[in-house]
Engineer: 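Handing you this structure, nothing more for now.
Every chain is numbered from 1, with letters handed out A, B, ... down the list of sequences.
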Amino acid sequence: MTIEEIRTGLLKKEFSAVELAEQYLARIREKDQELHAFLNVTEKLALAQAREIDEKIARLPARQATGEELPPLAGVPCSVKDAILVEGVLCTAGSRMLENYIAPYDATVVQKIKKAGALIVGKTNMDEFGMGSSTENSAFGPTKNPYDPTRVAGGSSGGSAASVATGECAVSLGEDTGGSIRLPASFCGVVGLKPTYGAVSRYGIIAIASSLDQVGPMAKTVEDCETLFHVIRGKDPMDSTSVESKISNDEFLISKLRIGVPKEYFGEGLDPQVEKVIRGAIEKLEHAGAKIIEVSLPHCSYALADYYIINMSEISANLARYDGIRYGASVSGGNLLATYMRSRGEKLGAEVKRRIMLGTYALSAGYYEQYYVKAQKVRALLRKDFDQVFEKVDVIAGPVSPFLPFKIGEKVGNPLAMYLVDMYTVTLNLAGLPGLSVPAGSVQGLPVGLQLIAPAFQEQTLFETGKAFEKIRTF
Amino acid sequence: MITKEEVQHIAKLARIELADEELKKFQKDFSQILEFFETLKDVDVSDEKSTAYSIALNNVTRDDISRREKPEVVEKLIRMTPQIEGNYVKVPKVL
């Protein structure tokens with residue numbers, strides 16, 4: 001159900017919030033044994049929140065049944081990626097290191113959705129600490145693709161995407177460091193937004209790469225994604241990188257929209273079947289009146305290497321906190337150094353170790369200039385590429401993923417092959433820009449997502465373009 | 001190709017104990033990934049300044065006063081640590 005359908009149903013008393021919660025929890029019980037979208041189902045929490053909503057509705061005077069007094073997410077079942085803290089609930093980030101870690105407080109985004117009346121149904125599966133593109137790096141086993149259980153759901157927010165796609169929840173909170181919302185949204189046929197860097201508070205999020213991480217909404221429709229975004233956005237005194245963005249009220253007319261199509265997004269490595277769906281989507285937007293302009297992002301081909309140097313460097317610093325002393329799992333080694341080494345050696349997974357170590361290497365004496373400083377300069381060039389293109393266009397359109405959801409196990413042995421999935425998504429994190437993944441069609445029954453990119457803090461343009469596209473797409 | 005000893009040295013810097021098979025696998029992976037990173041060599045950045053953040057941020061400051069946490073939150077945080085003694089985090093001997 002959409003947020004609007006839930007709201008109308010509650011106000012017309014077609015169902016209660018408790019009945020709704022029970023229905024979604026039953027769906028989770030029915031589907032999740034095979035799908036494995038959830039690491040933890042928070043049944044008690046969801047039902048308690050539902051009872052509060054029902055009491056609120058019972059107190060509404062009859063003449064106010066327009067629902068103005070009902071908060072924007074009243075009764076909306078929501079799943080939360082397991083990297084986001086929900087007070088009193090296990091928060092593992094998909095890692096053995098945090099297997100028994102219970103969140104001591106709510107993340108700001110969780111406080112906000114709770115206040116808005118959402119029902120938190122559970123914590124979703126993810127690649128360990130968000131490091132991966134398929135959810136196969138979860139220490140607790142992969143999430144299956146809802147369209148084909150032999151294939152991956154995408155990652156790292158694979159559990160969130162799969163839970164929305166299967167109707168185990170109405171909306172979800174994900175987190176995107178280098179495509180972790182958009183890629184699984186594309187693979188599972190749902191909508192996902194990576195907001196502008198700073199648009200949403202990250203207080204209470206398990207950090208990995210602080211200049212790239214961003215929390216964002218996932219939903220079945222662009223409208224629901226938009227509603228959830230407006231609930232979670234805004235400046236937070238607890239996150240000094242968050243900012244209060246202005247929402248433009250300019251009237252949106254598709255006939256005035258200029259869409260840039262970067263030639264670098266249709267080059268080597270793109271599956272021709274995916275290309276056909278994306279080209280078709282862009283044609284539909286053109287028929288609807290948008291102006292299509294070919295553009296170029298000349299430094300795009302360096303983005304992936306650039307991203308992974310920065311990502312791994314920041315990871316090596318951020319994950320130093322998992323030392324077996326302060327919190328999380330601990331394996332005693334007798335003395336302090338051995339305790340550090342054993343705890344990290346035993347409790348962190350292969351990809352996490354790989355990234356911490358490569359980041360340590362990139363930041364070490366003698367290599368710092370060659371890798372990290374160079375990467376930050378290339379990052380500045382990439383930003384300039386986007387700045388120049390956005391002088392000519394309002395949005396950029398292209399694929400989210402270069403290929404279709406792949407088979408479980410196909411790429412786990414080859415980290416570099418896995419990184420290639422991220423070639424069209426990481427650029428936005430480097431440049432801090434917002435990006436929306438919208439279902440555009442399918443190939444052999446597998447979903448393909450269209451990626452829409454806008455200048456910083458122009459999320460509204462993405463939502464309007466996305467909604468216009470939903471009306472004209474045909475599948 | 002990066003050597004086994006180099007991988008071992010990085011592992012020590014990163015405070016990660018590795019099994020022998022892991023060491024072999026990482027030696028191969030690291031060589032591949034570092035070679036991939038070499039692609040940045042072609043980019044001319046002589047006119048660029050290093051940027052650490054993607055959006056323009058100004059320093060955000062607050063007065064330097066301690067904010068007291070509720071005792072129950074302190075209690076919860078202390079309970080997170082693998083080893084405690086009273087209200088202190090217990091650390092194994094350094095040497």
Engineer: Measuring from atom NZ of A:Lys377 to atom CG of B:Asp47, what distance do you get when rounded to the nearest 0.5 angstrom?
Structural biologist: 10.0 Å
Engineer: For B:Lys12, is it the side chain, the backbone, both or neither that has a heavy atom under 4.5 Å from a heavy atom of chain A?
Structural biologist: both
Engineer: Side chain, backbone, both or neither: which part of B:Val94 has an atom under 4.5 Å from a heavy atom of chain A?
Structural biologist: both
Engineer: Calculate, to the nearest 0.5 Å, the distance between atoms OH and CD1 belonging to A:Tyr419 and B:Ile33 respectively.
Structural biologist: 4.0 Å
Engineer: Mark yes when over 12 heavy atoms from residues, nucleotides or ligands other than A:Glu244 sit less than 6.0 Å from its CD; otherwise mark no.
Structural biologist: yes
Engineer: Hey, are the side chains of A:Leu381 and B:Glu48 touching, using non-hydrogen atoms and a 4.5 Å cut-off?
Structural biologist: yes
Engineer: More than 12 non-hydrogen atoms from neighbouring residues, nucleotides or ligands closer than 6.0 Å to CZ on A:Arg321, yes or no?
Structural biologist: yes
Engineer: Given heavy-atom pairs under 4.5 angstrom as the criterion, report whether the side chain, backbone, both or neither of B:Glu38 touches chain A.
Structural biologist: side chain
Engineer: Tell me, side chain or backbone of B:Leu18 under 4.5 Å from chain A's heavy atoms, or both, or neither?
Structural biologist: side chain
Engineer: Of the listed residues (A:Tyr340, A:Tyr302, A:Tyr327), which shares the most heavy-atom pairs with chain B below a 4.5 Å separation?
Structural biologist: A:Tyr302
Engineer: Between B:Asp44 and chain A, which part of the residue has a heavy atom less than 4.5 Å away: side chain, backbone, both or neither?
Structural biologist: backbone
Engineer: Check each atom of B:Phe26 against the heavy atoms of chain A and say whether the ones under 4.5 Å are side chain, backbone, both or neither.
Structural biologist: side chain
Engineer: Hey, does B:Phe30 have a side-chain heavy atom less than 4.5 Å from the side chain of A:Arg354?
Structural biologist: yes
Engineer: How far does OH of A:Tyr105 sit from CG of B:Leu77, to the nearest 0.5 angstrom?
Structural biologist: 8.0 Å
Engineer: Report the option among A:Ala305, A:Ala362, A:Ala320 that has the most heavy-atom pairs separated by less than 4.5 Å from atoms of chain B.
Structural biologist: A:Ala305
